[in-house]
K.L.:
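Encoded as structure tokens, here's the structure I'll be asking about.
To find a chain, count down the sequence lines: A is the first, B the second, and so on, and within it residues start at 1.
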Amino acid sequence: MLEKRYEPKDIEKKWYDFWIEKDYFRAASKSDKPAYCIVIPPPNVTGSLHIGHALDITLQDIMIRWKRMSGFNTLWLPGTDHAGIATQNVVEKELQRQGTDRHKLGREKFIEKVWEWKKLYGGTIINQLKVMGASCDWSRERFTLDEGLSRAVREVFVRLYEEGLIYRGEYLINWCPRCHTALSDLEVEHEDKQGKLYYIKYNFTDQEGHITVATTRPETYLGDTAVAVNPEDERYRHLIGKKVRLPVINRDIPVIADDFVDSSFGTGAVKVTPAHDPNDFEIGKRHNLPFINILTGEGRMSEEAGPYKGQDRFECRKNVLKDLEDIGRLEKVTDHAMAVGHCYRCKTIVEPYLSKQWFVKIAPLAEEAIRAVKEGQVKIIPSGWENSYFDWMENIKDWCISRQIWWGHRIPVWYCRDCEEIIVSRETPAECKCGSAAPVQDDDVLDTWFSSALWPFSTLGWPDDTDDLKTFYPTSVLITGFDILFFWVARMMMMGLKFMKEEPFRHVYIHALIRDAEGQKMSKSKGNVVDPLKMTEKYGTDAFRFTLAAYAAQGRDIKFSEQRVEGYRHFLNKIWNVARFISMNVKEETEIVPVRKIYKGDLRTAPTLADRWIMSRLSSVIPEVGKSLEEYRFNDAAGALYQFIWHELCDWYVEMIKPELYGEDQESKKIAVSTLVHVFEVSLALLHPVMPFITEEIWQQLPRGKETESLCIRKYPSSGEGTEDREAERKMNVVMDAVTGIRNIRGELNLSPSLELQALIKASNNAEDILNENVAYIGKLARTKDVRIGREVHHPKNSASAVRPDMEIFIPLEGLFDIDAEIIRLTKEKGKVEEEIQFVGKKLSNENFVRKAPPAVVEENKLKYDEYMEKLKSIQNNIDKLDQWRKSDE
RNA sequence: AGGCGCGUAGCUCAGUGGGAGAGCGCUUCCUUGACACGGAAGAGGUCAGGGGUUCAAUACCCCUCGUGCCUACCA
């Protein structure tokens, strides 16, 4: 006997441990079964579970559990990402608290510290995945800095270098002065800001007058090496070649002509700072201008900034402006909207900064990755994301992969101390060609995303030719949010195609972003984050998972509301209670027969209409769920299960079989119980991928279904576990019509639910036998007695009426009857029917409709029209009767 | 600046070229032997606005308004 309420807490832990102990989640390196593989988007090792992960994990687990039950050799490969900058930041903060820093510690000691930290806290998020029920193969857990993965990173680096796809050079990159490292273009977040445009006067060196330039960053004038104008600009043409003198620092720079300059913007004259602006950098190269770096890596003014040396970049801006103003060189200031780049890790404003970095020449790789999607080897779902993918890939720029931090994959490049030799190698070289000993390794590490780009094959053992690789590559699907489409998905595509010659995954399913109930992006600073672990504690993991699945409609963001979780907890409660109902009615000694026998007619007693109907409904919900999952329509799968279990199984079927269960006839009881247990067991199996815990708990206590020792390895239901039965569904519809007709009268006339009603049903040929056969159901479900059914039934005095297809229902009410209320009720009903008739009639009288619409549609409308006319006639008759009685009573 | 998406019941959202559905909320009735985290009945919508294509548009096309996001080197 089950407890009165479902208490998720203990149960979840119990079953998760059981599954682990039984090793159900372990995949086989070699197997006759078809393979199904998902690699987890590795969360940051510093991270803790947020609601986005929860969604991600739930959807992946649904697919994995479903496929596992469906007979696939299933691998869900888990792991974490070393998250270079983020992790280094975390540990540095800790050092700061201890009154030290990484420089005092030195590189080696610092890295040791980080590993220690990882050992202590790195498992947090992994444990949280387990709380969510994730059925990962933990024996294959990976970390991007593992030895194996590091070997893959070196291999890739060296091969790309040898092919000329990795190069080193001095370019303008994005620099975070706080993290003290270069960032790739993607790692810069742009934020629209209302800024100012400052107009500065540069005086000519050899003549009177000035030229005015406009800039958003006045402090960079210290690094100006030219003023550029458009060669076509009449205003300035005569000034080309002249020199101007920079105020305060008194450096002379030329006025040059360049097509880049937009004459309509600002004054049409641009100050050129080649070392601090991407456009100016290009101009500087074209015109061979000097590159003056006025900043340090900390974002302070350098030696080159003259009197401003040592000032913070923003402080310097203030001072520069004040000085320019003082000497009358600041012509004016206007408002100007602009986008400012911030570091995606620490939100500091980034600087375009000149430095020597490593880059991947990426266009050739992108080409293949574009083709893979265009030619359909990889399908992106929903397909709308393909556009973004192509857009980015087609305009891709070289990828800056070196980072000036310590935590990460050290770049496998060594420099000789004695000659110019650069050694790029898989192994640490002992000496240089020139004989010099112990070359020095490059100080920098690689972008974390460089290693995650290899994730789908490095985790499977590459560069070795492993069985795992043979079995599971390409993986089946990648499930993730759109926010890392470029960061990660696109890069995995490029690397996978390059090194495996095959796409890393067949499908990419992009899910929604979860926002708060007001539609705001969740963020710690806004304080509107929903903690998934709190949800699991409060409502149980299953209710939370079901909610996420039900929310996961394609192509729309999720506005998360806790109320909805609460609603689905009620669904869990409902399921729990059917289970209780079963446990109360199925005793140890109750005989349960396989449904096959019932439906093959092996038994003396035949299944009832209720049995046949629910089996037929089951046969249609099974493929519906399967198809929805196949198409990643998680919300549809959840909805179909909800509808079937609650509204069909519980609301109708369970109520209908109660007489059998409580009755004396053991034979019919056996059939009802057997069918009930079967349908419920199949329902649990269908639900299991979405709510693994409660289904396992109930299933283990169910009096049947122990062919396997756990639900999570039971065969996923196929439609054969139901029995399609059109006739039963047709008959059931007639019964339901009768029942809802009577309930409707009861409800609308406010008759007590406990009052037993008499009912007379005037049935058509079609319905008469069906109703007679099933009159017991009507009695039970509509709480009626003395139901009389026939073709010749007449409208008794003082009775309410309802018109349904194939039948007319009369409920004699005698003393309870309120004739006026009934007339109002019927008149309202009549009004509705008249509206329908008008609408359909208009269509049918439209010649074009009858001529051009498909015959089936026309026929359908004609039928509808006749039905409504029939209904109208009956209602009118009933109203007329009431009128007559009222008159005769007066 | 360019691109993408969204606007359907009070709220959150499904949905489809043939007069709209769910959950929650709301109203009325009900402790009937699984469940009040429940049951039964009901109210509630010019499917943002305007135009077009079509026999037929909430759905397809165009425009407007509102709203959200992504990409971008306009100083």
K.L.:
Only pairs with both distances under 3.5 Å count, Watson-Crick or wobble alike; so what is the partner of B:U54 in this structure?
P.N.:
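Base-paired to nothing in any strand shown.
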
K.L.:
If you measure from the Lys or Arg side-chain nitrogens to the Asp or Glu carboxylate oxygens, is any gap between A:Arg825 and A:Glu822 under 4.0 Å?
P.N.:
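So A:Arg825 pairs with A:Glu822 through a salt bridge.
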
K.L.:
If you measure from the C1' atom in B:G51 to the same atom in B:G10, how many Å do you get, rounded?
P.N.:
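The same atom, C1', in both gives a distance of 31 Å.
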
K.L.:
For atom P, what is the distance between B:A22 and B:A43, given to the nearest Å?
P.N.:
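About 12 Å, rounded to a whole number of Å.
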
K.L.:
Using only side-chain N and O atoms of A:Lys832, determine if any of them is under 4.0 Å from OP1 or OP2 of B:A43.
P.N.:
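Answer is yes, contact under 4.0 Å.
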
K.L.:
At 4.0 Å (heavy atoms only), tell me whether A:Val213 reaches a base, stays on the sugar-phosphate, or touches nothing.
P.N.:
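It contacts nothing in the nucleic acid.
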
K.L.:
Mind checking the C1' distance from B:C47 to B:A20? Whole angstroms is fine.
P.N.:
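About 8 Å, rounded to a whole number of Å.
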
K.L.:
Take atom P in B:C37 and the same atom in B:C70, then report the distance between them in whole Å.
P.N.:
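Nearest-Å result for B:C37 against B:C70 at atom P: 42 Å.
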
K.L.:
Strictly below 4.0 Å, N to O, side chains only: are A:Glu624 and A:Lys627 in salt-bridge contact?
P.N.:
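Between A:Lys627 and A:Glu624 there is no salt bridge, as every charged N stays at least 4.0 Å from the carboxylate O atoms.
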
K.L.:
Between A:Asp557 (CG) and B:G68 (P), how many Å, whole number?
P.N.:
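Value for this atom pair: 12 Å.
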
K.L.:
Indicate for each nucleotide in nucleotides 35-41 of chain B, in 5' to 3' sequence, whether protein heavy atoms under 4.0 Å reach the base (B), only the sugar-phosphate (S), or nothing (-).
P.N.:
B-BSSSS

K.L.:
Can you figure out which of B:G19, B:U12, B:A34 approaches the side chain of A:Phe581 most closely?
P.N.:
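Side chain of A:Phe581 sits closest to B:A34.
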
K.L.:
Atom CG of A:Asp391 and atom C1' of B:A72: how far apart are they, to the nearest Å?
P.N.:
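Spelled out: CG on A:Asp391 to C1' on B:A72 is 10 Å.
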
K.L.:
Measuring from the side chain of A:Val270 (C-beta onward, heavy atoms only), which nucleotide among B:A75, B:A14, B:U12 has the closest atom?
P.N.:
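Closest of the options to the side chain of A:Val270: B:A75.
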
K.L.:
For A:Phe486 and A:Trp392, take the angle between the two ring planes, folded into 0 to 90°, and tell me which bin it lands in: parallel under 30, tilted 30 to 60, perpendicular over 60.
P.N.:
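The rings of A:Phe486 and A:Trp392 lie parallel, inter-plane angle below 30°.
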
K.L.:
Partner of B:G10 by Watson-Crick or G-U wobble geometry, both contacts under 3.5 Å, or none?
P.N.:
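B:C24 is the nucleotide pairing with B:G10.
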
K.L.:
In whole angstrom, give me the gap between the P atoms of B:A1 and B:A75.
P.N.:
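Result for the P pair: 13 Å, nearest Å.
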
K.L.:
Looking at A:Tyr662, I'd like to know whether one of its side-chain N or O atoms comes within less than 4.0 Å of OP1 or OP2 on B:A34.
P.N.:
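So the side chain of A:Tyr662 is within the cut-off, an N or O lying under 4.0 Å from OP1 or OP2 of B:A34.
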
K.L.:
Given the ring of A:Tyr221, does A:Lys271 sit roughly above its face, with NZ or CZ under 6.0 Å from the centre of the six-membered ring and within 45° of the axis?
P.N.:
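No, A:Lys271 and A:Tyr221 do not form such a contact.
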
K.L.:
A:Arg217 and A:Glu351: salt bridge (charged side-chain N to carboxylate O under 4.0 Å, His left out), yes or no, with the steps?
P.N.:
CA-CA 11 Å; A:Arg217 301 194 54 197; A:Glu351 284 293 334; 3.0 Å; yes

K.L.:
For A:Ile484 and B:C70, what is the distance between atoms CD1 and P respectively, to the nearest whole Å?
P.N.:
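Value for this atom pair: 15 Å.
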
K.L.:
Go through it in stages, so that I can follow the logic: the residues are A:Phe634 and A:Tyr509, the test is ring pair (Phe, Tyr, Trp, His ring centres under 6.0 Å), and I'd like the CA-CA distance, side-chain angles, deciding distance and then a yes or no.
P.N.:
CA-CA 11 Å; A:Phe634 298 97; A:Tyr509 175 72; 5.6 Å; yes

K.L.:
Applying the Watson-Crick and G-U wobble criteria at under 3.5 Å, what pairs with B:G68? Answer none if nothing qualifies.
P.N.:
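The answer is B:C4, by the H-bond criterion.
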
K.L.:
From CD1 of A:Ile510 over to C1' of B:C4, roughly how many Å is that when rounded to an integer?
P.N.:
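After rounding, the reported distance stands at 14 Å.
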
K.L.:
Does A:Lys271 make a side-chain N or O approach to OP1 or OP2 of B:A75 shorter than 4.0 Å?
P.N.:
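Negative; the distance criterion is not met.
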
K.L.:
Hey, which of these two, A:Pro854 or A:Ala579, hits RNA chain B nearer its 5' end, going by closest nucleotide?
P.N.:
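Result of the comparison: A:Pro854.
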
K.L.:
Could you give the CH2-to-C1' distance, from A:Trp392 to B:C4, as a whole number of Å?
P.N.:
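One finds 18 Å between C1' of B:C4 and CH2 of A:Trp392, rounded.
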
K.L.:
Over all heavy atoms of both residues, which pair between A:Val320 and A:Glu219 is shortest? Give the atoms and the distance, please.
P.N.:
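Looking at all heavy atoms of both residues, the closest pair is CG2-CA, 4.2 Å.
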
K.L.:
Report the residue (A:Ala553 or A:Lys397) whose heavy-atom-nearest nucleotide on RNA chain B is the more 5′ of the two.
P.N.:
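Comparing both residues, the 5'-ward one is A:Ala553.
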
K.L.:
Could you tell me the Watson-Crick or G-U partner of B:C73, where both distances fall under 3.5 Å? Say none if there is no partner.
P.N.:
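Matched B:C73 with nothing under the 3.5 Å cut-off.
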
K.L.:
Please give, in whole Å, the distance from B:A22 P to A:Gln643 CD?
P.N.:
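Rounding to the nearest Å, CD of A:Gln643 and P of B:A22 are 9 Å apart.
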
K.L.:
Provide, to the nearest angstrom, the distance between the CD atom belonging to A:Glu631 and the C1' atom belonging to B:A14.
P.N.:
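Interatomic distance, CD of A:Glu631 to C1' of B:A14: 15 Å.
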
K.L.:
What nucleotide among B:A34, B:G18, B:A75 has an atom nearest to a side-chain atom of A:Asp262?
P.N.:
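The answer is B:A75.
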
K.L.:
Among A:Tyr539, A:Trp646, A:Tyr642, which residue satisfies the ring pair (Phe, Tyr, Trp, His ring centres under 6.0 Å) criterion with A:Tyr568?
P.N.:
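Result: among A:Tyr539, A:Trp646, A:Tyr642, A:Tyr642 is the only option passing the ring pair (Phe, Tyr, Trp, His ring centres under 6.0 Å) with A:Tyr568.
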
K.L.:
For atom P, what is the distance between B:G18 and B:C13, given to the nearest Å?
P.N.:
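Those two atoms are separated by 25 Å.
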
K.L.:
Kindly state whether the pair A:Phe849 / B:A56 counts as stacked, where counting means centroids closer than 5.5 Å and planes tilted less than 30° apart.
P.N.:
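Stack criterion not met.
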
K.L.:
Between A:Lys538 and A:Glu562, does at least one N-O distance fall below 4.0 Å, as a salt bridge requires?
P.N.:
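The answer is yes: the pair qualifies as a salt bridge.
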
K.L.:
Picking from B:A75, B:A34, B:A14, which would you name as closest to the side chain of A:Asp636?
P.N.:
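For the A:Asp636 side chain, the nearest candidate turns out to be B:A14.
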
K.L.:
Let's test this: given Watson-Crick or G-U wobble pairing with both distances under 3.5 Å, identify the partner of B:C35.
P.N.:
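B:C35 is paired with nothing.
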
K.L.:
Of the listed nucleotides (B:A34, B:C69, B:C74), which one gets closest to any side-chain atom of A:Phe482?
P.N.:
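Ranking B:A34, B:C69, B:C74 by closest atom to the A:Phe482 side chain puts B:C69 first.
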
K.L.:
In whole angstrom, what separates A:Glu836's CD from B:A20's P?
P.N.:
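Atom-to-atom, A:Glu836 to B:A20, this comes out as 7 Å.
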
K.L.:
Using the P atoms only, state how far B:G44 lies from B:C63, rounded to an integer number of Å.
P.N.:
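It works out to 37 Å between them.
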
K.L.:
Could you check which of B:G19, B:A34, B:U28 has an atom nearest any side-chain atom of A:Val578?
P.N.:
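Per side-chain heavy atoms of A:Val578, the pick is B:A34.
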
K.L.:
Would you measure the distance from the P atom in B:C11 across to the matching atom in B:A57 and give it in whole Å?
P.N.:
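After rounding to an integer number of Å, I get 27 Å for this pair.
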
K.L.:
Choosing from B:A72, B:G23, B:C70, which nucleotide comes nearest the side chain of A:Ala339?
P.N.:
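That would be B:A72.
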
K.L.:
Base, sugar-phosphate, or nothing: which does A:Ser388 touch, judged by heavy atoms less than 4.0 Å apart?
P.N.:
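Here A:Ser388 touches no strand at all.
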
K.L.:
Taking all atoms of both residues into account, what is the closest heavy-atom pair of A:Leu59 and A:Ala552, and its distance?
P.N.:
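Minimum heavy-atom separation between A:Leu59 and A:Ala552: CD2-CB, 4.1 Å.
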
